[in-house]
Amino acid sequence: MNKVITISREYGAGGHSIGTKVAEALGIPFYDRDIVRATVEESGFEKKLIEKEEEDRSTGDDIWKKISSISSSYFNDSQDAIHEIQKAIIIKMAQKGPCVILGRCADVILTNNRIPHISIFITAPFEQRVRRMMEVNNLPLKEAVRRLKKIDKGHEQYYHFYTGRKWGDAVNYDLCINSACYGIEESVELIERMIDIHPEK
């Protein structure tokens, strides 16, 4: 049974928690920060630069000037370098066996490399995600709204730039879940049922 699962999510929708619990329930690895660590090891990039550049096409490429480990003649900017490295890492992780991979265009990367997987998108109403950002980051309403809009825009631009697809469009995923309707635990159960229904996808 193939259990490679990719999870894309809106910030504040609980995608990380859901992905973690799905991996625990299935007894398989959950890859998120591991991808960052592997990128640091493979590239020599500083961790802060990777976290700044990944999944946000709205950031500028001036930060590339601070990186000396890879020739600028090989990649157009730091974000392209990071994406290419992470793409190779994601493929290796999926080829090792069942796992859950969070974000980073993993769904399209695996599709383009003909690696079977189930792709999932986790969403929630904007207002609920704002409240979560206020709680987690101790922010006032206005600042939480501003930050969340910026994060959403960055994710949307990044996904479209590297895949040509519309981020969050239901036709691009096997399953879309509104976590506000189901909560974390029920969302995990939905995903487990999805895997049982399509074991060989």
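As the structure is a computational prediction, the values presented were derived from the model and not from experiment.
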**OP:** For Arg193 and Leu190, run side-chain contact (heavy atoms from CB on, under 4.5 Å): C-alpha distance rounded to whole Å, both residues' side-chain angles, the deciding distance at 0.1 Å, then the answer.
**Re:** CA-CA 5 Å; Arg193 290 202 293 273; Leu190 276 174; 3.0 Å; yes
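- Counting heavy atoms from C-beta on, the side chains of Tyr182 and Glu189 never come closer than 4.5 Å.
- The structure places CD1 of Ile91 at 12.0 Å from CE of Met93, a figure rounded to the nearest 0.5 Å.
- For the pair Trp167 and Gln157, the minimum side-chain heavy-atom distance is 4.5 Å or more.
- Between Lys153 and Glu156 no salt bridge is recorded (no basic side-chain N to carboxylate O distance below 4.0 Å).
- No side-chain heavy atom of Thr163 sits under 4.5 Å from any side-chain heavy atom of Asn112.
- Annotation: Arg132, atom CZ; neighbour count of heavy atoms from other residues, nucleotides and ligands within 6.0 Å does not exceed 12.
- Minimum interatomic distance between Ile101 and Ala106 (heavy atoms only, all atoms of both residues): CG2-CB, 3.7 Å.
- Ion pairing between Lys149 and Asp152 fails under the 4.0 Å rule for side-chain N and carboxylate O.
- Checking side-chain atoms of Tyr173 against main-chain N and O of Gly168 turns up a donor-acceptor pair under 3.5 Å.
- With a 4.5 Å cut-off on side-chain heavy atoms, Val22 and Ser187 do not count as touching.
- The CZ atom of Arg131 sits 5.5 Å away from atom CD of Gln128, with the distance rounded to the nearest 0.5 Å.
- Lys3 approaches Pro98 most closely through the heavy-atom pair CB-CB, 3.7 Å.
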Subject >> Evaluation steps, side-chain contact (heavy atoms from CB on, under 4.5 Å), between Glu84 and Tyr162 >> reply: CA-CA 10 Å; Glu84 288 301 314; Tyr162 286 111; 5.7 Å; no
Subject >> From CA spacing to verdict: side-chain contact (heavy atoms from CB on, under 4.5 Å), Phe126, Val145 >> reply: CA-CA 9 Å; Phe126 184 78; Val145 169; 4.1 Å; yes
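- Remark: the backbone N or O of Ala13 is paired with a side-chain donor or acceptor of Ser179 at under 3.5 angstrom.
- Using bins of under 30°, 30° to 60° and over 60° for the plane-to-plane angle, the ring pair His16/Phe30 lands in the perpendicular bin.
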Subject >> Arg165 vs Thr111, side-chain contact (heavy atoms from CB on, under 4.5 Å): CA-CA, chis, key distance, verdict >> reply: CA-CA 13 Å; Arg165 298 183 181 185; Thr111 296; 4.2 Å; yes
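- The side-chain contact (heavy atoms from CB on, under 4.5 Å) test with Arg104 is passed by exactly one of Val36, Thr39, Thr6: Val36.
- Under the 3.5 Å distance criterion, with hydrogens and angles disregarded, a donor-acceptor pair is assigned to the side chains of Asp107 and Tyr159.
- Asp174 places no side-chain N or O within 3.5 Å of a backbone atom of Ile120 that could act as its donor or acceptor partner.
- Residues Pro125 and Asn178 approach most closely at CD-OD1, 3.6 Å, considering heavy atoms.
- Rounded to the nearest 0.5 Å, atoms CD1 (Ile5) and CD1 (Ile118) are 6.0 Å apart.
- Considering CG of Leu102 and CZ of Arg9, their distance stands at 4.0 Å, rounded to 0.5 Å.
- Using a cut-off of 4.0 Å between Lys/Arg side-chain N and Asp/Glu carboxylate O, Glu143 and Arg146 are scored as salt-bridged.
- Atom CD of Glu42 and atom CD1 of Ile89 lie 5.0 Å apart (nearest 0.5 Å).
- A donor-acceptor contact shorter than 3.5 Å links the side chain of Arg129 to the backbone of Tyr11.
- Using a distance-only test at 3.5 Å, with no hydrogens or angles considered, no donor-acceptor pair links the side chain of Asn113 to the main chain of Ile115.
- Contact check for Asp32 versus Thr20: no side-chain heavy atoms found under the 4.5 Å cut-off.
- Taken from OH in Tyr31 to CD1 in Ile90, the straight-line distance is 11.5 Å, to the nearest 0.5 Å.
- Put simply, the side chain of Ser8 never gets that close to the backbone of Gly103: no donor and acceptor are under 3.5 Å apart.
- Shortest non-hydrogen contact noted between Val4 and Pro116 is CB-O, 3.7 Å.
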